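Counting begins at 1 with the first residue of the sequence. Below, each value reflects all heavy atoms present in this structure, side chains not excepted, and no hydrogens, waters or symmetry copies. This one's a predicted model, so the numbers in the text were calculated from it and none came from an experiment.
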Amino acid sequence: MSSDLGNMDYSARSTRRANVLVLCLALLALPACSNKGNEIPTDKASGAGSTPPLPPSISASHTYRCNDNSLVFIDFMSDGTTLDLRESKAAAPARMTAPAPGQPFAGDEATATVNNKTVVLEQYKAPSRTCRRD
C-alpha cells in the first residue's frame, strides 16, 4: 500500500504543477487581450481625431442674366472660396472652388470669374457666357 501512496503523491504533485503551469500561461496571455494596442492615436494639437469642420454656409444668393438670355443662379458660400452654380432653380448645384478669395472658381464643367455684378462663365463643352446680376 505504501507504493500506492507514493504514486498518489506524485500524481497530486504533477496535477498541481500542471495547474500552476496553465495559470502562468494564462497570466502571460492576459496582456495580449487588452485594448491598448487597438487604440487610435490622436494628436490634440493638430485636431486629428476630432470632429471635422462644418461646411460653409450660404452668404449670398444672386440671379444672373447671361448674354444668351439664359439665367444662372449662384449661391456664394461664407468661406469666400466656394460657390454653387445652377442653370435653373430646380437643378442640382455644380460646386465650384477657388484657391483663394478673389480668384476664379473652377468646377468639373466650367470656370467662373466673378467681378462685382458680372460673372464670366467659361464652360468646357459650350461657348463662354457673360452674365450680369439682375
Side-chain angles (χ1 to χ4, degrees):
M1 255 207 200
S2 63
S3 65
D4 286 341
L5 286 175
N7 286 341
M8 286 184 68
D9 287 336
Y10 176 75
S11 175
R13 277 186 273 169
S14 66
T15 302
R16 192 175 315 155
R17 284 185 186 149
N19 287 341
V20 170
L21 181 62
V22 168
L23 181 62
C24 288
L25 289 174
L27 289 174
L28 288 173
L30 191 59
C33 295
S34 86
N35 287 332
K36 287 185 180 180
N38 296 336
E39 292 178 7
I40 298 172
T42 59
D43 183 5
K44 303 268 188 220
S46 70
S50 63
T51 58
L54 294 173
S57 60
I58 297 173
S59 63
S61 293
H62 299 292
T63 302
Y64 292 83
R65 182 164 303 277
C66 301
N67 57 349
D68 64 355
N69 209 26
S70 64
L71 292 176
V72 292
F73 305 90
I74 299 178
D75 297 328
F76 293 93
M77 302 300 164
S78 60
D79 64 357
T81 61
T82 308
L83 66 80
D84 285 341
L85 175 77
R86 291 177 285 129
E87 296 287 334
S88 71
K89 286 197 176 208
R95 174 83 24 125
M96 302 175 88
T97 58
Q103 297 291 318
F105 297 86
D108 291 338
E109 299 178 12
T111 60
T113 305
V114 181
N115 190 4
N116 291 328
K117 292 185 175 188
T118 305
V119 174
V120 177
L121 294 173
E122 296 180 28
Q123 295 176 300
Y124 303 136
K125 296 180 180 177
S128 303
R129 295 185 283 174
T130 301
C131 308
R132 299 195 187 282
R133 191 164 73 194
D134 287 342

Over 12 non-hydrogen atoms of neighbours within 6.0 angstrom of [atom1] in [X]:
X      : atom1 : result
Glu109 : CD    : no
Arg132 : CZ    : no
Asp108 : CG    : no

Where is the tightest heavy-atom contact between [X] and [Y], given as atom of each residue plus distance?
X      : Y      : result
Met96  : Gly107 : CE-N, 3.9 Å
Lys117 : Tyr64  : O-CE2, 3.7 Å
Pro127 : Gln123 : O-OE1, 4.0 Å
Ala91  : Arg86  : O-CD, 3.3 Å
Thr81  : Ala100 : CG2-C, 3.7 Å
Tyr124 : Ala110 : CE1-N, 3.3 Å

Working to the nearest 0.5 Å, report the span between [atom1] of [X] and [atom2] of [Y].
X      : Y      : atom1 : atom2 : answer
Asp68  : Ser128 : CG    : OG    : 11.0 Å
Arg95  : Asp75  : CZ    : CG    : 9.0 Å
Thr130 : Asn115 : OG1   : CG    : 11.0 Å
Cys66  : Leu71  : SG    : CG    : 7.5 Å
Ile58  : Ser78  : CD1   : OG    : 9.5 Å
Thr63  : Arg133 : OG1   : CZ    : 10.0 Å

Worksheet item: Do the side chains of Phe76 and Val72 join up, straight or via other hydrophobic residues, at under 4.5 Å, putting them in one cluster?
Response: yes

Discussion item. Is any side-chain heavy atom of Thr111 closer than 4.5 Å to one of Glu122?
Written reply: yes

Worksheet entry | Any side-chain heavy-atom pair of Leu121 and Leu85 under 4.5 Å | yes

